[in-house]
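Side-chain atoms are counted along with the backbone in the values below, which use heavy atoms only and exclude waters and symmetry mates.
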Amino acid sequence: MSATPILPSFKPNCLADVDEIQADWGNSLDKLTVELQQTNKPYSLAANIINAYKRDGFITSKEGVRSYEAFFFINSVTDIVAILKHCHLSNDEVRIICADTPENREKLMGYTISNSRSPNKMFNFITAKSFEGADYFSETGLCFVVSTQSNPHTLASIDTDIP
């Protein structure tokens, strides 16, 4: 299934005989709540969120829903590593989705580079490698987009970079 409509003139030949079905979600979608939190220490705020999950095994959203999985969209492997070390997170607790390069493997020494199809963990860290074109599913997950103006490649616009 694709959330991107494909005009018939652009449909790949290999899909020519595949039936098209349009999903009608009606009123079944839950309301999406976006909360902006400005801080001069975004990675400390992320660490506080992680520590709250670790302390209780979950956090409770403003709507009263318990979240057992956190998805952090941070476009810096170096900054992800700093958070992992600061929060004393183990490889078993985290899923890190980034480009699988020798440079990133060296930075993430002791941690596994995963992909968007890997099972969720309590803490999921996602770089721009999977901001677009990858879907994540969680019954209880909350998303956190973390950026800092002091690191230009971490700046992300939620309306264009993180659909």
Side-chain angles (χ1 to χ4, degrees), residues 1 3 25 27-163:
M1 176 179 266
W25 299 105
N27 294 325
S28 64
L29 293 179
D30 294 329
K31 182 181 175 189
L32 175 66
T33 303
V34 176
E35 179 183 326
L36 176 64
Q37 291 188 7
Q38 287 185 292
T39 176
N40 60 352
K41 297 181 179 180
Y43 300 119
S44 293
L45 181 57
N48 290 340
I49 292 166
I50 290 167
N51 290 333
Y53 272 97
K54 287 180 74 170
R55 181 182 57 248
D56 299 326
F58 63 90
I59 65 170
T60 304
S61 72
K62 290 192 177 204
E63 293 78 23
V65 177
R66 284 187 177 184
S67 168
Y68 296 92
E69 296 172 341
F71 293 81
F72 290 92
F73 291 86
I74 303 175
N75 194 31
S76 169
V77 174
T78 301
D79 292 340
I80 290 171
V81 169
I83 293 169
L84 297 174
K85 289 180 179 179
H86 178 78
C87 294
H88 307 288
L89 294 173
S90 71
N91 192 50
D92 292 336
E93 295 174 292
V94 301
R95 175 174 70 154
I96 303 163
I97 301 169
C98 65
D100 191 355
T101 64
E103 180 182 70
N104 285 343
R105 283 194 296 271
E106 183 177 329
K107 289 178 187 177
L108 290 163
M109 189 91 50
Y111 294 95
T112 303
I113 295 176
S114 299
N115 61 52
S116 59
R117 295 175 313 280
S118 302
N120 293 343
K121 293 190 178 180
M122 181 175 274
F123 305 109
N124 302 274
F125 293 89
I126 303 157
T127 67
K129 173 176 174 40
S130 291
F131 279 7
E132 298 177 25
D135 294 323
Y136 300 95
F137 177 78
S138 173
E139 292 284 345
T140 66
L142 289 178
C143 295
F144 302 92
V145 180
V146 182
S147 65
T148 177
Q149 68 183 22
S150 64
N151 192 347
H153 69 274
T154 68
L155 296 177
S157 171
I158 195 164
D159 60 342
T160 58
D161 293 339
I162 317 253

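Every residue was checked against the side chain to side chain donor-acceptor pair (under 3.5 Å) condition with T140, not counting sequence neighbours, and none meets it.
Atom OH in Y53 sits 12.5 Å away from atom CG in L89 (nearest 0.5 Å). Note that CD of E93 is 9.5 Å distant from SG of C87, once rounded to the nearest 0.5 Å. Taking CD of Q38 as the start and CG of L45 as the end, the distance is 12.0 Å to the nearest 0.5 Å. We find the CG-CE distance between D92 and M122 to be 12.5 Å, quoted to the nearest 0.5 Å. Here the straight-line distance linking atom OH of Y136 with atom CZ of F71 works out to 8.5 Å at 0.5 Å rounding. Distance check, rounded to the nearest 0.5 Å: CD1 of I59 to CG of N48 gives 11.5 Å.
Remark: E139 CD is loosely packed, at most 12 non-hydrogen atoms of other residues, nucleotides or ligands lying under 6.0 Å away.
Judged by distance alone, the side chain of N51 and the main-chain N or O of A47 form a donor-acceptor pair under 3.5 Å.
Minimum interatomic distance between S138 and N120 (heavy atoms only, all atoms of both residues): CB-ND2, 3.8 Å. The heavy-atom pair separating Y111 from S90 by the smallest distance is CE2-C, 3.9 Å. Nearest heavy atoms, T112 versus N91: N-OD1, 2.8 Å. Between Y68 and G57 the shortest heavy-atom distance is CD2-O, 3.2 Å. Among all heavy-atom pairs drawn from R95 and N124, the shortest one is NE-OD1, 2.8 Å.
Just one of I126, N115, T127 meets the side-chain contact (heavy atoms from CB on, under 4.5 Å) condition when paired with C98; it is T127.
When side chains are defined from C-beta on, F125 does not count as touching L108, because their heavy atoms never get closer than 4.5 Å. Residues F72 and I50 meet the side-chain proximity criterion, which asks for heavy atoms closer than 4.5 Å.
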What verdict does the side chain to side chain contact (heavy atoms under 4.5 Å, CB included) test give for L84 and I96, after you've listed the backbone C-alpha separation in whole Å, the side-chain angles of each residue and the deciding distance to 0.1 Å? CA-CA 10 Å; L84 297 174; I96 303 163; 3.7 Å; yes

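Between the side chains of D79 and Y43, at least one donor-acceptor pair of N or O atoms lies under 3.5 Å. Between the side chains of E63 and S61, at least one donor N or O lies within less than 3.5 Å of an accepting N or O.
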